[in-house]
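This report refers to the structure that appears directly beneath it.
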Amino acid sequence: MLRYFLSRLTSLAISLLVASVVIFLVVEVAPGDPASYMLGLNAQPDTLAALRTELGLDVPKPERYVDWVTGMLSGDFGMSYTYRTPVAQMVADRLWVSLPLALLALSLAVLIAFPAGLFAASRRGRPGDIGVMAATQLGIALPNFWFAMLLVMVFAISLRWFGAGGFPGWAEPVAALRALTLPAVALALPQAAILTRVLRSALLDTLDEDYIRTARAKGLSRRQALWRHALRNALIPVLTIIGLQFSFLLAGAIIIEQVFFLPGLGRLIFQSISQRDLIVVESVVMLLVFAVILVNFLVDLAYGAVDPRLRSRA
Amino acid sequence: MKLSLMLGAMLTALFLGAALLSFLWTPAEVTGVNIAARLRVPDGTNLLGTDHFGRDILSMIMVGARTSISVAVIAVGIGMGLGVPLGLAAAARAGGWLDELIMRGNDLVFAFPSLVIAILITAVFGPGAVNAIIAIGIFNIPVFARLTRSGALSLWQRDFILAARVAGKSRIRISAEHILPNVTNLLIVQGTIQFSLGILAEAGLSYVGLGAQPPTPSWGRMLAEAQTMVALAPHVAVIPGMAIVLMVLGLNLLGDGLRDALDPRMRQRPT
Amino acid sequence: MSLLEIRNLSLSLGPTRILRDLSLDIAPGEILALTGESGSGKSMTALATMGLLPPGARTSGRIRLNGTDLLSLSEARMCDQRGNTLGMVFQEPMTALNPVQTIGQQVAETLHLTRRSDPSMTPARVQALLHETLARVGLPPDRVPPTRYPHELSGGQRQRVVIAMAIIRRPALLIADEPTTALDVTTQAQILDLLRRLVQDNAMGLMMITHDLAVVGQMADRIAVLRAGEIVEQGPTHDVFAQRRHPYTRALFDASRHRADLHPVALQSPLLQVRNVSRDYPVKRSGLFQRRRSFPALSDISFDLRRGERLGLVGESGSGKSTLTRAILGLDPVSSGTITLAGTAVRTNTPSTRRHMQAVFQDPYSSFNPRHRVSRLISEPFHLLDNAPTGAARDAAVAEVLSAVNLSPSDADKYIHAFSGGQRQRIAIARALIIRPDLILFDEAVSALDVRVRAQILDLIADLSRRYNLSYLFISHDLSVVRGITDRVMVMQAGKIVEQGPTEQVLGAPRHPYTQSLIAAAPRLPDPATGGFDAARPAV
């Protein structure tokens with residue numbers, strides 16, 4: 001198991017390294033100099049040079065890359081070009097909205113999908129199964145931001161159960177959770193639909209395996225075979241999808257924040273794009289990619305826990 | 001499940017037809033701003049009502065379908081055009097350095113969801129439909145590469161590939177002659193799914209302003225513009241959303257139906 | 001009184017009738033063999049008895065176990081019977097176990113489940129029973145800990161685990177569906193031995209499903225011969241084998257003993273020369289900084305195959321047969337040594353030697369691209385020729401080889417799914433013949449076929465070898481097949497050729513202990529005259 005862990009950890013480190021190079025290179029080829037953009041067209045050459053020094057833009061690129069990476073490793077993400085505040089601080093504030101939103105949505109999706117998938121799989125081809133499958137078809141087709149708008153129309157504007165947007169901050173936990181409820185539901189339902197379908201088909205695939213027949217032959221009922229033998233084996237493909245979904249949830253959260261006017265990473269990133277605050281864009285993107293790679297690393301570890309063959313092979 | 005295939009094909013044909021028709025004719029001019037006729041509910045002259053500029057929503061949906069479909073088609077084309085050869089190459093030398101490189105590259109692209117790629121691209125080149133295509137297309141490459149590779153890997157185990165090698169055929173030739181035709185069913189089914197995901201992604205990107213820029217109508221931006229008027233005129237927000245749902249639903253049903261229709265032939269094997 | 005009593009069992013699956021009016025009995029302590037070719041309904045009889053038929057199956061008639069009619073039981077009551085009074089062992093040990101649970105968990109699972117209703121099943125008792133059962137099936141817990149996972153066991157060990165699962169609650173009836181078909185011959189002998197012992201010790205009834213008449217002869221007290229869902233003949237094994245009243249039984253029996261009629265040949269110059277060939281496979285490094293190790297799949301193999309010779313290669317799985325085959329075909333490289341065909345070195349990157357060499361593979365169902373027509377499939381090796389015939393000449397060549405393998409030239413326009421397994425192997429042979437190679441490799445080419453079809457294909461090969469003066473290398477795990485179709489044979493074990501010589505001599509009077517053990521383990525077909533074993537006659 002330790003060996004498996006170390007091999008996964010190595011690949012995590014390599015992925016992060018390559019991702020950081022890619023992001024740095026892409027942002028570096030961006031046309032336009034942030035310093036001249038900030039000072040406008042009438043900037044004096046010496047002020048411009050001074051600003052470039054202050055922003056660290058006059059250092060050679062390889063050196064700047066190393067500075068950026070080592071800075072991030074020690075929690076220093078650099079200074080925002082526009083606001084002249086530490087990027088780390090800006091990101092940290094926003095992260096407290098986006099991360100809880102994504103996690104809440106993921107938990108909600110899993111909580112909906114597991115019972116639904118198990119229900120459908122145990123009733124293969126019967127009306128219950130067909131009903132769940134039809135509902136998931138609709139769920140997959142829903143754009144989450146539009147679904148969010150519908151939720152606002154119904155639950156905020158007509159019923160007035162929730163606010164239509166905004167975020168009171170975590171100082172008021174109940175109000176904060178309330179503010180995140182509709183966005184989380186909007187994010188979660190389409191993902192739950194996908195997860196339900198994956199779980200159902202993974203379960204049906206494992207139910208066709210020989211070892212399920214063996215289990216039935218030794219006296220297990222259909223239900224027992226499903227719970228005791230199919231579920232754990234079906235988890236392997238389901239875990240893959242959960243890992244992939246996390247990255248979609250993060251991306252989805254960025255969009256949903258626009259619908260609910262939530263001060264999360266999404267708002268920050270779109271602001272920074274319009275202000276050409278590239279260092280913020282660079283850092284936020286790196287952070288998102290880090291989160292995705294980390295989650296997939298955790299999924300890999302979970303595989304190892306579920307599947308003894310992986311532990312001994314890798 | 002013949003029903004899903006029929007329904008899916010009909011919905012897809014409806015939107016494709018509307019998009020093609022919009023080149024020749026739309027009920028009204030999409031750029032025809034008419035403040036006097038703003039936010040009309042659906043009636044005889046404007047079948048789906050008008051938006052806050054008094055533009056005919058049906059016409060905008062038709063032209064918007066054109067934008068959505070062309071972005072998604074080109075993005076799927078990029079994904080297939082690059083992903084399929086990569087997947088074939090990886091499977092032809094499974095376990096080799098090329099395979100390893102391709103699969104690791106795929107993992108890396110998977111770490112950047114299409115929206116993040118779009119953000120990076122727009123941060124550098126500015127927003128626009130072309131950049132949306134590139135962002136969605138890049139994300140499609142690993143999807144097709146993986147699918148092709150896994151389908152091809154199981155085919156490479158089959159004895160008919162061994163027979164072709166005994167007949168002196170090169171790996172490239174075997175990939176083209178024996179592998180590719182036998183993974184096309186998989187590719188068609190995945191293609192419709194990626195097509196529908198492309199429509200959703202395009203809508204999302206234009207909703208946050210990273211997709212097609214005005215005055216090109218797009219479903220995502222129609223929704224973004226309608227958002228402030230939700231309370232006043234719900235139909236302006238509901239109708240473009242419905243268009244997205246129906247189009248995506250149609251494609252997904254088509255994909256499912258095609259899978260059911262194409263699959264049995266793949267593993268025809270009398271018992 | 002019989003333990004199991006099946007009366008007038010009929011079974012249809014959708015529109016297809018699978019079983020017709022089937023009746024049979026099994027007494028306690030008795031082994032009944034249910035035999036027949038694939039598709040005859042053997043497995044369906046087993047699944048019907050277990051109540052595990054696929055959805056959509058309709059049955060009529062009665063299946064009584066100790067007087068209880070199993071067909072009329074509710075699903076819940078049937079679950080109580082399974083494992084408890086009825087146990088089953090399946091064919092494929094590699095997939096019959098849950099890969100993510102330990103073998104101990106899987107074997108003891110049903111005991112844990114009965115703990116709710118049976119207070120005497122304490123955890124200590126479950127543990128004791130588990131250890132006892134594992135020891136009984138030959139997996140003593142001190143040597144094979146119950147905490148192992150299935151992937152850590154060999155095929156034979158896994159089959160023992162499956163048997164342990166089936167017998168842990170001492171069922172009155174055990175059903176074994178081709179329990180040794182997927183195993184090597186020495187492992188097969190051990191598993192058959194184990195089953196026989198369990199039947200004796202527990203006075204258990206055993207329904208043994210097998211296509212292999214030699215296994216039947218060795219195991220069964222009584223035999224029922226099934227053809228297309230009907231029992232054509234049943235009775236004590238000895239009587240059925242001695243009398244063979246029904247023509248179908250006779251046909252099966254003759255096909256099982258069939259030897260192709262090989263014409264004598266004068267051996268000429270060496271065609272294929274294999275000299276000191278070794279092949280090492282790298283073993284995946286266990287850690288990032290460990291040294292790479294390798295596993296010798298072939299070590300120092302040398303032999304000649306002369307023009308006109310019909311050479312056999314036998315060995316169990318993992319012996320290196322396939323590696324050697326692929327190396328000769330030039331598909332995989334060798335680590336050292338040389339292979340020459342008609343004086344030209346075989347290399348992986350130059351296909352020039354392949355025009356003198358073709359192959360027929362094992363699986364008739366995966367040997368053809370399902371999207372091509374037969375004419376295109378057969379003419380694929382023309383790719384090797386510099387001036388391959390085209391147009392009418394090509395069609396004529398295809399028609400000629402199709403006739404040579406006793407198919408109709410009009411079959412050229414069909415797709416492969418229109419053909420049965422035996423017909424497909426004929427097409428595979430036609431494909432190998434079309435460029436008139438000097439050498440053909442038959443890689444387990446008849447292993448997937450039913451015995452009567454196998455006999456026909458062997459006759460075809462013998463006939464073609466006479467008409468085309470073929471030289472071939474016939475690779476098989478089945479000694480009796482090799483015996484009937486080769487002049488000379490080589491026996492492989494763990495990457496080495498341990499014995500070679502004229503077929504009759506090697507298989508009749510083996511000198512190497514490994515060959516001796518292979519022959520001892522192979523089940524013998526009873527002598528037709530007496531219906532019993534003829535100890536003086538060699539096994540194969």
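In what follows, every chain begins at residue 1, and chains take the letters A, B, ... in the order their sequences are listed. All values below were derived from every heavy atom in this structure, side-chain atoms included, with hydrogens, water molecules and symmetry-related copies excluded.
- At a 4.5 Å heavy-atom cutoff, the contact between A/I140 and chain B is made by backbone and side-chain atoms alike.
- The salt bridge (charged side-chain N to carboxylate O under 4.0 Å, His left out) with B/D99 is formed by just one residue from the set B/R149, B/R146, B/R104; it is B/R149.
- Proximity to chain B involves both the backbone and the side chain of A/L142, based on heavy atoms less than 4.5 angstrom apart.
- Side-chain atoms of A/T240 and A/Y303 include a donor-acceptor pair closer than 3.5 Å.
- With respect to chain A, the highest number of heavy-atom pairs below 4.5 Å among B/L200, B/L223, B/I121, B/L251 belongs to B/L223.
- Contacts with chain B were tallied for A/V152, A/N144, A/V289, A/L138; A/V289 has the most, counting heavy-atom pairs under 4.5 Å.
- A donor-acceptor pair is defined here as one N or O able to donate and one able to accept, closer than 3.5 Å; no such pair exists between the side chain of A/T136 and the backbone of A/R197.
- Both the backbone and the side chain of A/V259 have a heavy atom closer than 4.5 Å to some heavy atom of chain B.
- Defined by atom type and a distance below 3.5 Å, a donor-acceptor pair is missing between the side-chain atoms of B/E202 and B/T67.
- Counting heavy-atom pairs closer than 4.5 Å to chain B, the top residue among A/F145, A/F147, A/F270, A/F290 is A/F145.
- Of all the listed residues (B/L205, B/L210, B/L197, B/L120), the one sharing the greatest number of non-hydrogen pairs under 4.5 Å with chain A is B/L120.
- Side-chain atoms of B/D256 and B/S4 form no donor-acceptor pair, as typed in the model, at a separation below 3.5 Å.
- Of the two parts of A/I157, only the side chain, counted from C-beta on, holds a non-hydrogen atom closer than 4.5 Å to a non-hydrogen atom of chain B.
- Between the side chains of B/Q194 and B/Q190, a donor-acceptor pair is found at a separation under 3.5 Å.
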